[in-house]
Student: 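This is the structure, below, for whatever I ask next.
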Amino acid sequence: LECREELERIIDECVRHLCKNKCYLRAFAPVRDWRLLRDEVSKMTGKSPDQHLKRWKCRLARRSLEENEISQPLVQTVYVSPEG
């Protein structure tokens with residue numbers, strides 16, 4: 001298998017379960033949040049969001065201990081501009 005195929009297989013096996021830790025929901029949060037951002041940009045501009053979000057990235061990041069409150073999850077979706 002190629003690296004990408006192997007990575008997809010591992011992710012698929014690791015997060016395709018439902019548990020009290022919400023692994024599945026957490027793993028796919030960036031995809032859901034990215035879709036919401038695309039929808040909002042499209043509503044605001046009336047155009048495809050592709051040009052506005054070109055080279056932007058969306059990923060899951062662990063919150064620092066200072067930022068983390070008991071009521072907040074330990075991870076959050078982070079949007080990264082092309083400039084970093």
Student: Go through the structure and list residues passing salt bridge (Lys or Arg N to Asp or Glu O under 4.0 Å) with D33, not counting sequence neighbours.
Tutor: none
Student: I'd like to check the salt bridge (Lys or Arg N to Asp or Glu O under 4.0 Å) partners of K43; sequence neighbours left out, ordered by chain and number.
Tutor: E40
Student: Strictly by salt bridge (Lys or Arg N to Asp or Glu O under 4.0 Å), give each pair with a member in residues 46-55 just once, sequence neighbours left out.
Tutor: R38-D50
Student: Restricting to salt bridge (Lys or Arg N to Asp or Glu O under 4.0 Å), what partner residues turn up for R32, sequence neighbours left out?
Tutor: none
Student: Restricting to non-hydrogen atoms, name the atom on A61 and the atom on V78 that form the minimum distance, rounded to 0.1 Å.
Tutor: CB-CG2, 3.5 Å
Student: Quick one: hydrophobic cluster around W34, which other residues, with the 4.5 Å side-chain cut-off, linked directly or via members?
Tutor: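 When side chains under 4.5 Å apart are linked, the cluster holding W34 also contains L37, V41, L53, W56, Y79.
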Student: Taking all atoms of both residues into account, what is the closest heavy-atom pair of C58 and P30, and its distance?
Tutor: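 For C58 versus P30, the nearest heavy atoms are SG-O, 3.3 Å.
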